[in-house]
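Have a look at the structure below before the remarks.
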Amino acid sequence: MQHVQVGDIQLGVTTHGHRGHPLLLVHGFPLDHSIWQRQIDFFVDHCRVIAPDLRGFGSSDATSGVVTMEQMADDLHALLDALNVTDKVIFCGLSMGGYIGWQFWRKYRERVLAIIMCDTRAIADTPEVADSRRKLAATTLKDGPAAAAKIMLPKMFAQVTWDEQPALVERVRKMMERTSPAGIAAALEGMAVRPDSREILPTIDVPTLVVVGEEDSISTVDEMREIADAIPDAGWVAVPRAGHLAAAENPAVVNEAIAEFITL
Ligand code: MLT
């Protein structure tokens with residue numbers, strides 16, 4: 001893990017491999033780069049894999065207040081510059097990583113070779129959802145990250161993952177519980193004000209793959225199908241035996257789909 005100065009903060013990032021296209025793996029909430037471990041292991045021989053911890057997560061510095069999805073996209077852009085990544089990247093975002101991906105495409109499309117959107121959403125929060133995020137932000141600042149883990153963990157997995165992969169569930173719970181309260185709160189505030197990104201979808205003119213766990217209860221199959229239908233020529237894979245964290249729950253299927261998409 002190296003730490004790179006990006007504007008006012010240091011971001012933690014792991015980079016693996018030197019050959020092939022840069023594959024930028026952008027984690028979800030409230031997680032860190034290690035949610036991608038099975039993709040890092042698989043793609044290291046084929047891509048230059050770049051897996052950062054976002055502002056406020058993992059070993060990256062946190063800032064208080066509201067951290068918008070646009071700010072996170074700006075951070076990633078600056079990180080690529082700091083790492084001297086001049087080739088266009090394959091942007092692979094999971095959930096909040098996808099929210100950031102829409103903003104990255106809007107501002108920095110010249111840096112994007114292809115897009116992989118895993119278990120994410122394009123719509124904005126309803127006022128009710130935004131309100132519950134703000135309440136969770138306040139609770140997390142008061143009671144610590146376990147408060148956020150208690151709300152988020154139950155939504156992450158397919159039933160079969162709870163039954164058959166307790167070590168993965170435990171790993172994710174620990175990941176959430178070691179996240180900075182300030183980082184969690186700022187990202188919750190940022191997600192609450194994120195814009196509706198549906199108008200961005202038809203503008204995407206690079207190869208795009210949409211990946212969803214068949215049992216995802218946050219970004220459902222139907223909602224992700226709408227995203228795929230709105231992006232010209234998007235590829236599509238529904239992952240069996242997986243929920244919101246399909247990339248971790250069923251990495252064999254997800255890795256094969258990504259490998260085929262980027263034609264290893
Ligand atoms: C995530 O996995 O990043 C979160 O579920 C996103 C969200 O809470 O909307």
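Each ligand, and each atom within it, is numbered from 1 in the order the structure gives.
- Side-chain N or O atoms of T140 include one that pairs as donor or acceptor with a backbone N or O of L136 at under 3.5 Å.
- Under the ring pair (Phe, Tyr, Trp, His ring centres under 6.0 Å) criterion, F104 pairs with F91, Y108, not counting sequence neighbours.
- Residue-level contacts of ligand 1 at the 4.0 Å heavy-atom threshold are G28, F29, S95, M96, Y99, R133, M152, M191, I218, H244.
- The existence of a salt bridge linking R111 and D81 is confirmed by a sub-4.0 Å separation between a basic side-chain nitrogen and an acidic carboxylate oxygen.
- Applying the salt bridge (Lys or Arg N to Asp or Glu O under 4.0 Å) rule to pairs touching residues 57-70 yields E70-R106, E70-K107, sequence neighbours excluded.
- Minimum heavy-atom separation, G183 to F57: O-CZ, 3.9 Å.
- For H244, the ring pair (Phe, Tyr, Trp, His ring centres under 6.0 Å) criterion is met by no residue, not counting sequence neighbours.
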